[in-house]
2 protein chains.
Amino acid sequence: MPRHADPNAKEALVAAARAEFARGGLRGARIEDITAACGLSKGAFYLHFESKEALFGELVQLFQARMSACATDRTESFRKFAEEHGPVGPRDVQERTPRYQELVALDVRLDEAALEAMWEYRDVLGVLVRGSQGTPFEGALWELVDVEVNRVRKSFEDLQCQRTCRTDIPGELFGSLIVGTYLLLGIRMTRMYDKPDLAAWAAQLHTLINEGSQPVDFKNSVARSKP
Amino acid sequence: MPRHADPNAKEALVAAARAEFARGGLRGARIEDITAACGLSKGAFYLHFESKEALFGELVQLFQARMSACATDRTESFRKFAEEHGPVGPRDVQERTPRYQELVALDVRLDEAALEAMWEYRDVLGVLVRGSQGTPFEGALWELVDVEVNRVRKSFEDLQCQRTCRTDIPGELFGSLIVGTYLLLGIRMTRMYDKPDLAAWAAQLHTLINEGSQPVDFKNSVARSKP
DNA sequence: CCGATTTATGACCTGTGGGTCAGAAATCGC
DNA sequence: GCGATTTCTGACCCACAGGTCATAAATCGG
């Protein structure tokens, strides 16, 4: 039995590729630069990956799986919540019952988890935003965005039927607001070195979107109950 | 005096180029396709433009100028409004005075104008989003986005000082919400054939962001005054 | 130490598309 | 019609980067 393959060559290539992708996008990342960063030759790349696109495809699949997990986690968590705490109606919202407050806390936690996923894959997100036309990933992000907008739209419309959300806003527009905001935050993460306080972002966005930008004094006094 | 230049060659090239850019981005648009669409040869392109990037640069400048005009128009309109109607304070917001309602209407009109500009340049916007690494336009959109986020942040912080906006949200996050929402709507315009009802979008977004997503019944009753 | 076998190398091939330029075509004054 | 002049054409050049493959290097059993 002959020469052994470098055991950590593949993960080194993936790491170097992510760095190159982050720098210059899918097209701007040259294979020779990726391999050079690992002390390998161009040919070595093709021992581990079908092509540059194939490597990126693996990353995209991981990212999509992660985001998809966030979505299923959300529906599952809400289902469980309704099972354990019963349905949350308009009165709960109006009176800020403990049940409602727990639901808000859960929602914020789930949003934070989504932001966390975006932070970990912000390099992949950056490449997807830039798109790199001519590759299979041209519209990948926008398909994901459409899916997310529709998911938000649907859940918003459900809440509208239950009268726990205002009914004079189309769900589509609300979805664009949510997804657009999170997407831009993700894009801005691309250029950050230190991780921002994602929990604070999630909580503040939740407050802003639920209660609006007007001063809190104007809301009816029942609403606030801060310790 | 000899052969005349085709008088509408340049505008035909611009139109064809915009169509090609919309299809495949800056990189995906081939010069031969652009000229072929006008019944011209490849060489003719270089009689009118320095390069493909130069043509796109002209479009970007027009787009940037248009967006910049929207911004100056906004500050100017608000200045004039304050001059004519006096400053709008927290009480105006709380009691929905006619002065406040006029300000809201003005704000919505200005937002609609910005959406209109994005609609007209949605092809350019699409290319800028996709970025086309290696060109001078790589980060052009994100610079514009940063400028806009900061503009919104600053005006939001001013309103916070005047107590006409809630003070528990960082201006940066509010800016990301506004710009992110409008950017995503712009991106989604890229794939639309018919112009959506931009006035409705502007008005609904304004309502949603000001008053939040909670049912209107919960707001204090002074607030609503719909004919 | 040999040769079998798998891994790694990098010179080479190749398609692509931006940009060029010698020459053809058009249009004028005369 | 003729040449002068400007407009237009498209075959050609070339840089670039993805992908290939003959060759070399490493590592084993025997």
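Remember, predicted model here, so these are calculated numbers, not experimental data. Numbered from 1 within each chain, the chains take letters A, B, ... in sequence-line order.
For the side chain to side chain donor-acceptor pair (under 3.5 Å) condition, the pairs that include at least one residue of residues 22-47 of chain A, sequence neighbours left out, are Glu20(A)-Arg23(A), Arg30(A)-Asp33(A). Applying the side chain to side chain donor-acceptor pair (under 3.5 Å) rule to pairs touching residues 145-159 of chain A yields Asp146(A)-Arg188(B), Asp146(A)-Arg191(B), Glu148(A)-Arg151(A), Asn150(A)-Arg153(A), Arg153(A)-Glu157(A), sequence neighbours excluded.
Rounded to whole Å, atom P of dG19(C) lies 8 Å from atom CZ of Phe45(B). Between the CD1 atom of Ile34(A) and the C1' atom of dG18(D) there is a distance of 11 Å, given to the nearest Å. Atom CD1 of Ile31(B) is separated from atom C1' of dT16(C) by 13 Å (rounded to the nearest Å).
In terms of heavy-atom proximity, Pro196(A) sits nearest to Trp119(A) at CD-CZ3, 3.8 Å.
Comparing dT9(D), dT9(C), dT27(D) against the side chain of Ser41(A) picks out dT9(C) as the nearest.
For the segment residues 10-29 of chain A, no residue has any heavy atom less than 4.0 angstrom from an atom of DNA chain C. Annotation: proximity of residues 47-62 of chain A to DNA chain D (heavy atom, distance under 4.0 Å) is found for Ser51(A), Lys52(A), numbered in ascending order.
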Nucleotide-resolved protein contact map, nucleotides 11-16 of chain D, B/S/- at heavy-atom distance under 4.0 Å: ------
Residues 177-186 of chain B, side-chain donor-acceptor partners within the protein, below 3.5 Å, at least two apart:
residue   : atom : partner   : partner atom : Å
Thr181(B) : OG1  : Leu177(B) : O            : 2.6
Tyr182(B) : OH   : Asp111(B) : OD2          : 3.3

Show me, pair by pair, the donor-acceptor contacts under 3.5 angstrom made by side chains of residues 56-68 of chain B, not counting sequence neighbours?
residue  : atom : partner   : partner atom : Å
Arg66(B) : NH1  : Glu120(B) : OE1          : 2.8

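For His85(A), the ring-ring contact (aromatic ring centres under 6.0 Å, His included) test picks out Phe81(A), with sequence neighbours left out. For Glu76(A), the salt bridge (Lys or Arg N to Asp or Glu O under 4.0 Å) criterion is met by Arg79(A), not counting sequence neighbours. Remark: Lys195(A) pairs with Glu116(A) by the salt bridge (Lys or Arg N to Asp or Glu O under 4.0 Å) rule, at least two apart or across chains. Judged as a salt bridge (Lys or Arg N to Asp or Glu O under 4.0 Å), and not counting sequence neighbours, Glu50(A) has no contacts.
Between dC28(D) and His4(A), a contact under 4.0 Å exists linking OP1 or OP2 to a side-chain N or O.
Rounding to the nearest 0.5 Å places CE of Met189(B) at 8.5 Å from CG of Leu125(B). Summarising the geometry, atom CG belonging to Asn210(B) is positioned 11.5 Å from atom CZ belonging to Arg166(B); distances are rounded to the nearest 0.5 Å.
In this structure a side-chain-to-backbone donor-acceptor pair under 3.5 Å is missing from Glu53(B) to Leu26(B).
Using a 4.0 Å heavy-atom criterion, one finds that Tyr46(A) contacts the bases of the nucleic acid, with or without backbone contacts as well.
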Candidate pair Leu110(B) and Leu106(B), rule side-chain contact (heavy atoms from CB on, under 4.5 Å), full reasoning: CA-CA 6 Å; Leu110(B) 292 167; Leu106(B) 174 63; 4.1 Å; yes
Close N/O contacts between protein and nucleotides 23-25 of chain D (under 3.5 Å):
residue : atom : partner : partner atom : Å
dA25(D) : N3   : Arg3(A) : NH1          : 3.2

